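Structure first, then comments.
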Amino acid sequence: MNSKTGKPLVPNNIETLKPYVAGKTIAEVVELYKPERIAKLASNENRLGCSPKVKKAIDEAFNQIQDYPDPIARKLRSAIAERNGVKPGNVLLASGSESIISILCKTFFLNKENAITADATFVGFFVQIGVRGVHLKKIPVTSEYKYDLKAMVNAIDENTKMVYVANPNNPTGTYNTKNEFDWFVENVPDDVLIVVDEAYYEYAKDVEDYPHALDYKKDNIIVLRTFSKAYGLAGFRVGYAIADEELIKNMMKTKLTFEPTTLGQAAALAAYGDDDFLAKSVDVVEQSKERLYKFFDDHGVNYMPSISNSVMMILPTEEEAIDFTQSMLEKGVILRRINAFGLPNCIRITVGMPEEMEHFERSFLTVTGKG
Ligand SMILES: *Cc1c(COP(=O)(O)O)cnc(C)c1O
């Protein structure tokens with residue numbers, strides 16, 4: 001878009017960004033197709049809901065709603081620091097990991113610097129990097145749909161400021177092992193920030209060869225976590241970063257002063273203290289994944305085993321992926337095509353409650369004619 005003088009009003013890096021296309025809401029699907037049942041398995045949300053302790057906490061916090069939030073989320077920050085064996089000064093809270101990614105982009109890049117990640121990963125990173133106008137090198141994932149850490153290290157040049165690895169990755173659900181990660185951390189220069197997005201940490205942490213990024217104790221590692229997934233608080237928008245105190249101090253300067261909100265902070269603190277809910281939430285996902293793997297094995301469907309809360313289904317072509325997603329939608333099963341994540345022939349299925357998995361299976365059988 002140009003002004004009358006021909007000078008662009010909107011810079012090119014913004015104009016060329018693709019707007020976020022949200023999945024269909026339950027209300028839209030009901031109105032369009034009137035299915036008998038609904039299973040929303042599209043956005044990696046927690047189908048179990050959230051801790052029952054959250055309701056009481058936000059009722060109480062509601063009394064402070066006329067006041068600005070605590071800009072450093074003191075209580076929540078201390079709780080997170082304590083549990084992770086770091087100091088409060090190592091923790092920053094913001095409105096979801098997406099906001100943290102935006103903060104990283106605002107804080108660390110000089111104009112000519114670049115970032116490196118995989119070609120099939122979290123769109124939120126692509127978007128925030130694009131908004132900041134940073135050059136992004138997208139390295140193809142391996143044949144096992146994993147980050148190609150060797151190729152990423154090879155792509156580092158004198159202008160590289162950041163490498164971003166979601167572990168486990170979204171949308172693939174795959175992960176880089178401890179061995180691979182050891183090598184990576186050793187081979188990324190100290191002046192390059194290693195951002196490890198552990199949005200699915202709670203599902204992944206007990207997997208035997210899963211590398212816990214915090215264990216590496218390197219000043220250039222920034223770990224991201226969120227309350228949106230296993231804690232079931234996506235609607236509240238709370239995420240955090242754990243990193244070196246100097247880095248956090250500078251990130252504090254660029255975050256929006258009063259994020260996350262008062263209610264978000266209270267909800268997250270209550271959820272963080274409910275280990276029973278967390279265990280249940282991880283357990284539901286484990287069982288539903290096992291069930292889905294078996295179903296797929298029985299019906300000859302290609303998929304990637306996952307250590308997050310979603311499973312990626314691999315179809316032969318993009319067309320088949322489009323058709324399958326649409327047919328399932330008409331049955332009330334909302335799935336996510338992941339073309340925007342760089343995998344046009346794949347579909348991401350968030351695993352849900354047993355009744356939702358059953359609805360998925362029945363609909364699958366009808367739609368594919370295998371039933
Ligand atoms: C879901 C997800 C997030 C979460 O973002 P929030 O802004 O905290 O809701 C971050 N990173 C990845 C890789 C994700 O899949």
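Model, not experiment: these values are computed from the prediction. The first residue of the sequence shown is numbered 1, and numbering continues consecutively from there. Atoms within a ligand are numbered from 1 in the order they appear, just like the ligands themselves.
- For R132 and F109, the positive end is not near the middle of the six-membered ring at less than 6.0 Å and at most 45° from its axis.
- Evaluated by nearest non-hydrogen atom to atom 10 (C) of ligand 1, the leading choice among V165, V123, I101, D197 is D197.
- Residue contact check for ligand 1: F125 places no non-hydrogen atom closer than 4.0 Å to it.
- On a distance-only criterion, Y164 and ligand 1 share no N/O pair closer than 3.5 Å.
- Across Y200, F236, F341, heavy-atom proximity to atom 15 (O) of ligand 1 is greatest for Y200.
- Distance from atom 9 (O) of ligand 1 to its nearest protein heavy atom, with residue and atom name: S228 OG, 2.6 Å.
- Of all heavy-atom pairs between A155 and K137, the closest is O-NZ, 2.8 Å.
- Near A199, meaning under 4.0 Å from any of its heavy atoms, are these atoms of ligand 1: 2 (C), 3 (C), 10 (C), 11 (N), 12 (C), 14 (C).
- Between N170 and ligand 1, a contact under 3.5 Å exists for at least one N or O pair.
- Both the backbone and the side chain of S97 come within 4.0 Å of ligand 1, judged by heavy-atom distances.
- Considering backbone and side-chain atoms alike, S95 places every N or O at 3.5 Å or more from each N or O of ligand 1.
- Scanning for salt bridge (Lys or Arg N to Asp or Glu O under 4.0 Å) contacts around R348 gives an empty result, with sequence neighbours left out.
- The proximity of F227 to ligand 1, defined as any non-hydrogen pair under 4.0 Å, does not occur for either the backbone or the side chain.
- For ligand 1, the atoms sitting less than 4.0 Å from at least one non-hydrogen atom of G96 are 6 (P), 7 (O), 8 (O), numbered in the order shown with element in parentheses.
- Annotation: F341 is not in aromatic contact with F126 [ring centroid separation under 6.0 Å not met].
- Proximity of M313 to I349: side-chain heavy atoms (C-beta onward) are separated by under 4.5 Å at one or more points.
- You'll find the ring centres of Y216 and F181 inside the 6.0 Å limit.
- Y231 has its ring centre no less than 6.0 Å from the ring centre of F277.
- Residue N44 places every heavy atom at 4.0 Å or more from ligand 1.
- A heavy-atom separation below 4.0 Å is not found between G239 and ligand 1.
- Every atom of ligand 1 with a heavy atom of T226 under 4.0 Å away is listed here by number and element: 6 (P), 8 (O).
- When K229, R348, R237, R225 are checked for heavy-atom proximity to atom 7 (O) of ligand 1, R237 turns out nearest.
- In this view, D70 and R74 satisfy the salt bridge (Lys or Arg N to Asp or Glu O under 4.0 Å) rule, not counting sequence neighbours.
- If you look at F236 and F227, their ring centroids are not closer than 6.0 Å.
- Geometric assessment of R225 against the ring of Y201 yields a positive cation-pi assignment under the 6.0 Å and 45° thresholds.
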